[in-house]
Every structure is written in C-alpha cells, then in structure tokens.
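One structure is given below, encoded as structure tokens.
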Amino acid sequence: MTSTPQPPPVHDLVGIGFGPSNVALAIGLLEQRRRAAADPAVPALTGVFHERQPEFGWHRGMLLDDATMQVSFLKDLVTTRNPASDFGFLSYLHSVGRLHDFINHKTLFPLRAEFHAYLAWCAGRVADQVRYSSEVVGVEPVRDSAGRISQLDVIARAPDGSRHRSRGRNIVFAPGLTPRLPEGARLSERVWHNEYLLQSLERIGPGARPRGFVVVGAGQSAAEVVEHLYRRFPGAQVHAVFSRFGYSPSDDSPFANRIFDPDAVDAFYGASAETKAGIMDYHRNTNYSVVDPDLIDTLYQAAYQDKVKGTERLRFHNTSRVAGVSEGPDGVTVTVEDLASGKQTPVAADYLVYATGYRPGDPRDLLGDLAEHVVCDAGGRCAVQRDYRLATTDEITCGIYLQGGTEHTHGISSSLLSNVAVRVGEILDAISARTAEPAGTAESAAPAGAPAEAAAR
C-alpha cells in the first residue's frame, strides 16, 4: 500500500513580494493576532510571504548618502493605521538610541538610508513570516467540491531550482516596480538604469576616474543621479538630457498633499473615468517628473559656478532626447537631438544612465490560465474593487488583492508609501470579513486538472 501525500497547510493569505507594502501587511497580521489573543471575536489570520531577494532590500541602488525621503516619517508602515504600534519610525529611532537626535534635527524627512534601515528593522521583526530567496513563478487554482476556485497555490522556486507551493485562501500581490526604459534601449556594462546606480558604480572600482556620464530623465531620481555623479567624480562631465526647458518643481504644498490622503482614495475610486483623468492631470506635479525645489537650486548653482569658472562640467541638454546610442570598448557615444531644431550632437561619455521611471508589475503575468478569469476595463487594465481585491468571474471565490498597480482605480498614492498603512488595514479587514464565507477545505480541494495526491507537490 502507498500513502497519499497530505495537502499543504492552508494560510489565510499568501503574499507575493516582501517590499514595504507586504512588510506592512505582515506587521498588520502580527498585530491582529495579538488582538485575537485577547479577543476571541478577532480572527487570528495566518500568512506567509515569498521574496526572491536573499534579504530585505528597497531601491538599494538609490540609497545616496544625502538623499532624503520625499514623504513624512509619520507615513511609515503603521502610524496612520495604528499610532500606538511599536513598529513606527519613532519606535525604531528609540531602539537604536537616536530619538532625541532626530527630534533636535527638526525635520519630517529622514535620510533615505535611515528610512531603509527602519524598513529592514521592521522586516527583521516579522522574518518568521517570509521565505527569502523564494521566487514566485506561478499561481495554480485549487477547486472545491463544487468546482469553484476557492484556494490558490503559489508556486515558488528556490536557488537550487527546487519548487514548493504555499496554499492560501487569499493571495496579495506586491511585486513592486520594474525599471522602465525608452523603446529600443538595452542595459549593458555601460548603459544603466538608476535603479542599480550604486551597484553599477561599485563595479567600476573605487579608483576609477570616468571622463563623463549622460543622465536621461527629468524627475527626482534623475536630478539626484546628476547631483551625485557631479559631486562624486570632480573630474568628470555630467550631461543631463531631458525634453523640458528645465527641471520642474514638485508641489508639496498642504492642499496639494491632500491627494495622498486616505479620503482622496474614496473620492477618486468613486469618480467617473473622465474625472479620474482630470485629477491625475491636475496633480501630476505632486509626483511625476518633478524635482524637490532645493535640489533644483543646488544644481542650478553648480551649473552657474561652472560658467563663472569657465569649466562647465555640468551641462544641461534641455528640450532634447536621445536619438541613438553607440557603445565601444572605451565608452559610449550618445546622439542627443534638439527637439526644437532637429540638430543632432554626439556626446562621448563612459556611461549612460537612464532615470526614466518605473512601471508597476501586472499580476496577470503570474496567474497563467487564471488570468482569463480577471475582469478588465475598456483599456485592458485590471478592474479592482475598493478593498483592492482584483475583480474576477464568479468561478473564483477566493481573494486576489493588489498592493500597487492600482493608480487607474485608486489614485496617485497606489505606488507610494503615503497610504500603505491604511491600505493594509483595509485589506486585512476585507480578508477577515471573508473568513466567515464558505470556502473549500484543503482535504476536499486539489489543483485544477490534477489528481488530489498531486496537491502536495
């Protein structure tokens, strides 16, 4: 006789990705279990997360020495959801003995490296919920006795190539952002995206003396890269290429910042498509292709001082675009085209850096055949409910939730830290409410199209 393999344990949720959004979700799960220990009416939800990186890391390539956050430390992973939480940024500062020093600093905007250390501190405290070096490669349906998809198996691959599955009544996608490149652009040893700036600079060696860089982009990251390279390599020319006349300042005024409030999500979600487009257009200058005014002043002052000294080491190619890139053994030649005159100018440099933004991950890339059950809008984008649950056909009774990639339904804050804490609370509330609904059990469910004994693979 042969024994039938037991199905895997069923979690209330399986998280894909372990960046700030899902770290906040893991914290929310822990705090909910704490409450459940004192109040039986509160469901003690269980969860597991998969992260392809070997440890927590968040935009490590842009942890520049003096770069600061663009969002208040009060919009950390918990405070706007639970101000009493011991996972707040101030609790972190207290734990490392810097609370009074930070208070004396009189700022709402910590260094980006310091905030990264805070995020890593939070991730470390909930590390029992995450499997690192675990890359999710697919999601498979698990059907109940009625044939409905009541659970999902998340298939992950370990570094040795082995695969394992985590079964959940709900899954939460938080895949983060993928670097965006202009059409036809390719990364190489000499062509980088700013996402990997510091790692790329490490590879060229501490003693390297590059003659020049070309940086493409008009946003905050592009300006930070230009300033960092100009300061770090005093013998190099830095060419900034963008289609505008100059860097545009970000709108950080109090009224404009209301676009990032939780109430703004409600207003945006309930608006018509025309109104949503108008809101995004009105408030693009709070987040898209804009730069902190202080940094703009710093760069302008540096360029002016160059002119006074007759060096002009920092050069701005405004109203311009990259028309061609040619790599050679000694560097890269970037053809810069003036949009007004059409004149093309070759610019010789050692390296080209694209600071051209990011695009959100699409959950359909991992859903496989399940993607046919996802409801889409007229533009082919995923339809998303107010509680961040992906809209699906009735055949799917489990929940698929998104943290990110919902700008078209929930507004500008979807890809930012501003609303993470509140969003996590809303997702957990939704999942808690759904735990009372009938769902298939692990014993009676098997991956669609597979025999029951295959469920334990």
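A donor-acceptor contact shorter than 3.5 Å links the side chain of N318 to the backbone of F245.
Between R81 and E31 there is a salt bridge, since at least one side-chain N of the basic residue sits less than 4.0 Å from a carboxylate O of the acidic one. For E426 and R389, the salt-bridge test fails: no basic side-chain N is under 4.0 Å from an acidic carboxylate O. The existence of a salt bridge linking D86 and R125 is confirmed by a sub-4.0 Å separation between a basic side-chain nitrogen and an acidic carboxylate oxygen. For the pair R321 and E337, the salt-bridge criterion is met [side-chain N within less than 4.0 Å of a carboxylate O]. Using a 4.0 Å cut-off between a side-chain N of Lys or Arg and a carboxylate O of Asp or Glu, D306 and R315 do not qualify as a salt bridge.
Expressed to the nearest 0.5 Å, how far OG of S250 lies from CG of N285 amounts to 8.5 Å. Between atom OG of residue S85 and atom CG of residue L77 there is a gap of 9.0 Å, rounded to the nearest 0.5 Å. Note that CD1 of I296 is 13.0 Å distant from CD of E227, once rounded to the nearest 0.5 Å.
R313 forms a cation-pi arrangement with Y230, by the criterion of a distance under 6.0 Å to the ring centre and an angle within 45° of the ring axis. Seen from the ring of Y269, K276 counts as a face-on cation partner, given the 6.0 Å and 45° thresholds. The cationic group of R180 does not satisfy the cation-pi geometry with Y358, failing either the under 6.0 Å distance to the six-membered ring centre or the 45° limit from the ring axis. With a 6.0 Å cutoff to the six-membered ring centre and a 45° limit on the axis angle, R284 counts as a cation-pi contact of Y288.
Within a 6.0 Å radius of CZ in R359, other residues, nucleotides and ligands contribute 12 heavy atoms or fewer. At most 12 non-hydrogen atoms from other residues, nucleotides or ligands lie less than 6.0 angstrom from CG of D369. No more than 12 heavy-atom neighbours from other residues, nucleotides or ligands sit within 6.0 angstrom of CD on E189. Heavy-atom neighbours of R364 CZ from other residues, nucleotides or ligands within 6.0 Å: above the threshold of 12. Counting non-hydrogen atoms of other residues, nucleotides and ligands closer than 6.0 Å to CZ of R209 gives a total of 12 or fewer. Within a 6.0 Å radius of CZ in R258, other residues, nucleotides and ligands contribute 12 heavy atoms or fewer.
One side chain, S166 or R131, offers a donor N or O that lies under 3.5 Å from an acceptor on the other. E135 and H50 share no side-chain donor-acceptor pair at under 3.5 Å. Counted by atom type alone, S289 and Q220 present zero donor-acceptor pairs between their side chains at under 3.5 Å. Side chains of H373 and T393: a donor-acceptor N/O pair is present below 3.5 angstrom, by distance only. No side-chain donor-acceptor contact under 3.5 Å links S134 and E51.
Checked against the 6.0 Å centroid criterion, the rings of F18 and F56 do not qualify as a close aromatic pair. Ring to ring, F102 and F89 are close: their centroids are under 6.0 angstrom apart. Aromatic rings of H94 and H100 (six-membered ring for Trp) have centroids beyond the 6.0 Å cut-off, not under it. Separation of the F268 and H410 ring centroids does not fall under the 6.0 Å cut-off. If you look at Y351 and W192, their ring centroids are closer than 6.0 Å. Aromatic rings of F213 and F233 (six-membered ring for Trp) have centroids within the 6.0 Å cut-off, being under it.
The side-chain heavy atoms of L64 and L198, taken from C-beta on, include a pair separated by under 4.5 Å.
Listed here is the closest heavy atom pair of R112 and T68: NH2-O, 3.7 Å.
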Evaluation steps, ring-ring contact (aromatic ring centres under 6.0 Å, His included), between Y247 and F242: CA-CA 9 Å; Y247 296 116; F242 42 77; 4.8 Å; yes

Chi angles and distances behind the salt bridge (charged side-chain N to carboxylate O under 4.0 Å, His left out) call for D338, K343: CA-CA 5 Å; D338 185 290; K343 179 182 177 182; over 6 Å; no

Test log, rule side chain to side chain donor-acceptor pair (under 3.5 Å), inputs T409 and T406: CA-CA 5 Å; T409 54; T406 59; 4.6 Å; no

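Using cut-offs of 30° and 60° on the angle between ring planes, the pair F87 and W121 is tilted. A perpendicular orientation is assigned to the rings of Y196 and H193, their planes being inclined by more than 60° (bins at 30° and 60°).
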